[in-house]
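Worksheet: the structure to be examined is printed underneath.
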Amino acid sequence: MKKSVFFGVLTAAGLVAGASAAATLDDVKARGTLNCGVTTGLTGFAAPDANGEWQGFDVAVCRAVAAAILSDPTAVEFVPTTGQTRFTALAAGEIDMLARNTTWTFSRDTDLKFDFTGINYYDGQGFIVPSALGVSSAKELDGATICIQTGTTTELNLADYFRTNNISYEPVPIETNAEGQQQYLAGACDAYTTDASGLAATRASFENPGDHIILPEIISKEPLGPLVRHGDSEWGDIVRWTLNALIAAEELGITSANVAEMSSAPGDNPEINRLLGTEGDLGAMIGLDAEWAKRAIMAEGNYGEIFEKNIGETTPIGLARGLNAQWQDGGLLYAPPFR
């Protein structure tokens, strides 16, 4: 989600952590597990299943990184974080990376001393309301009570939108999505606002999702993606290019089902061969072996497979690809060349 307002404290923490951040890859290898920060629970993105196993769109990025480095997609310690705790956990070194529907902003990249390693979901802030409320536009929410997660830019975006439209609201502060869902369903607020993807995920978990509507207004840009600490460019490269490998694999037609065959019988496409390590030495350039990307793709599939399995149109969440389609299909998804 969005930006913490506690800049001073987190900046200091980030500076301290940055001095010791330069050996993250060595730490992960020595530990034998990747410590990956995720949300406290958001269906489709990051949440434990009935067996207590973490599943979801963001979880898959953690597993791909673990597979690339440790040859084991299950070698991940998932650390639940809230909007308030996620940045301090990363700055303090409690987690190696954060893969938690977090928006890339100027201040997070600079003042908080983090490096975003790409965008895995293009999103925007929206509103959900009960159908019984009888509104069809956010501009009709004048005087409404609205549940808002603390420690995020949701509050700032909301204040700007209502001020611009000369309408008023009463904030109902909440800390986690679970609390927001509970408060909203209990009638403590007329509307709940967060990233539109989060609203779709939340509605899918309702007993009667058809009794709630997501209003059409999108009031912000929320480019979501994984991030790491400043001070360890090599580690940032590994996380960045693992995400890029998942995106490129979809474009190149590499899937979890055919990646083993394609890597054992190299074809005529040199970029596929470089990505899968059958020619060139891309792995060595980031401190990994030749098959790092192959393992990342095998973990849970390419970007498209991960999207469709966890949040796509055939899931209860039902998200269309939209801006998250590949560039040649009219979306914004685009991996730099592997060469």
Flag the pair [X] / [Y] as yes when at least one side-chain heavy-atom distance between them is below 4.5 Å, and no otherwise.
X      : Y      : result
Val65  : Trp235 : yes
Ser197 : Ile311 : no
Phe162 : Ile146 : yes
Arg321 : Asp329 : no
Thr202 : Leu42  : yes
Leu90  : Phe114 : yes
Val79  : Arg100 : no
Ile148 : Thr193 : yes

* **Asp26/Lys29 ion pair, N-O < 4.0 Å** =>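 No, Asp26 and Lys29 are not salt-bridged.
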Can [Y] be reached from [X] by stepping across I, L, V, M, F, W or Y side chains whose heavy atoms are under 4.5 Å apart?
X      : Y      : value
Leu133 : Leu215 : yes
Phe206 : Leu199 : yes
Tyr122 : Leu98  : yes
Met285 : Leu25  : yes
Met298 : Leu288 : yes

Heavy-atom closest pair, residues [X] and [Y]:
X      : Y      : answer
Ala64  : Ala299 : CA-CB, 4.2 Å
Cys189 : Val172 : CB-CG2, 4.1 Å
Gly32  : Leu70  : O-CD1, 3.5 Å
Ile213 : Ser131 : CG2-OG, 3.6 Å
Pro226 : Val61  : CG-CG1, 4.4 Å
Leu276 : Ile297 : CD2-CD1, 4.2 Å

* Given side chain to side chain contact (heavy atoms under 4.5 Å, CB included), test Thr39 with Asn177 step by step and report yes or no. => CA-CA 9 Å; Thr39 183; Asn177 185 69; 5.5 Å; no
Spacing of [X] atom [atom1] and [Y] atom [atom2] [to the nearest 0.5 Å]:
X      : Y      : atom1 : atom2 : value
Ile238 : Asp232 : CD1   : CG    : 8.0 Å
Gln181 : Ile174 : CD    : CD1   : 10.5 Å
Tyr303 : Leu246 : OH    : CG    : 10.0 Å
Gln149 : Thr82  : CD    : OG1   : 8.5 Å
Ile317 : Arg203 : CD1   : CZ    : 11.0 Å
Asn244 : Thr117 : CG    : OG1   : 8.5 Å

Under 3.5 Å, side chain of [X] to main-chain N/O of [Y], donor-acceptor pair present?
X      : Y      : result
Arg274 : Gly280 : no
Asn165 : Ile167 : no
Arg229 : Ala91  : no
Trp292 : Leu282 : no
Asn269 : Ile272 : yes
Thr81  : Val38  : yes
Asp123 : Thr103 : no
Asp72  : Thr74  : yes
Asn273 : Gly267 : yes

Just checking, is any N or O donor in the side chain of [X] or [Y] under 3.5 Å from an acceptor N or O on the other one?
X      : Y      : result
Gln328 : Tyr334 : no
Asp190 : Thr145 : yes
Asn302 : Ser256 : no
Asp58  : Asn120 : yes
Ser137 : Glu217 : yes
Asn157 : Glu222 : yes
Ser263 : Glu291 : no

* To do: Give the C-alpha distance, both sets of side-chain angles, the deciding distance and a yes or no for side chain to side chain contact (heavy atoms under 4.5 Å, CB included) between Ile254 and Leu275.
  => CA-CA 10 Å; Ile254 308 169; Leu275 178 60; 3.7 Å; yes
* To do: Using a cut-off of 6.0 Å, state whether more than 12 heavy atoms not belonging to Glu77 lie near its atom CD.
  =>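 Counting neighbours around CD of Glu77, 12 or fewer heavy atoms of other residues, nucleotides or ligands fall under 6.0 Å, so no.
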* Asked: Counting only heavy atoms not in Asn166, do more than 12 fall under 6.0 Å of its CG?
  ->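 Count not over threshold, so no.
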* Candidate pair Asp109 and Asp115, rule side chain to side chain contact (heavy atoms under 4.5 Å, CB included), full reasoning -> CA-CA 6 Å; Asp109 202 323; Asp115 286 331; 3.9 Å; yes
In terms of relative ring orientation, are [X] and [Y] parallel, tilted or perpendicular, with 30° and 60° separating the classes?
X      : Y      : value
Phe57  : Tyr121 : perpendicular
Trp104 : Phe116 : parallel
Tyr192 : Tyr184 : tilted

* Tell me, with the steps shown, if Thr102 and Arg86 meet side chain to side chain contact (heavy atoms under 4.5 Å, CB included). => CA-CA 9 Å; Thr102 296; Arg86 55 184 165 173; 3.2 Å; yes
* **From CA spacing to verdict: salt bridge (charged side-chain N to carboxylate O under 4.0 Å, His left out), Arg163, Asp160** => CA-CA 5 Å; Arg163 179 181 176 183; Asp160 287 350; 5.7 Å; no
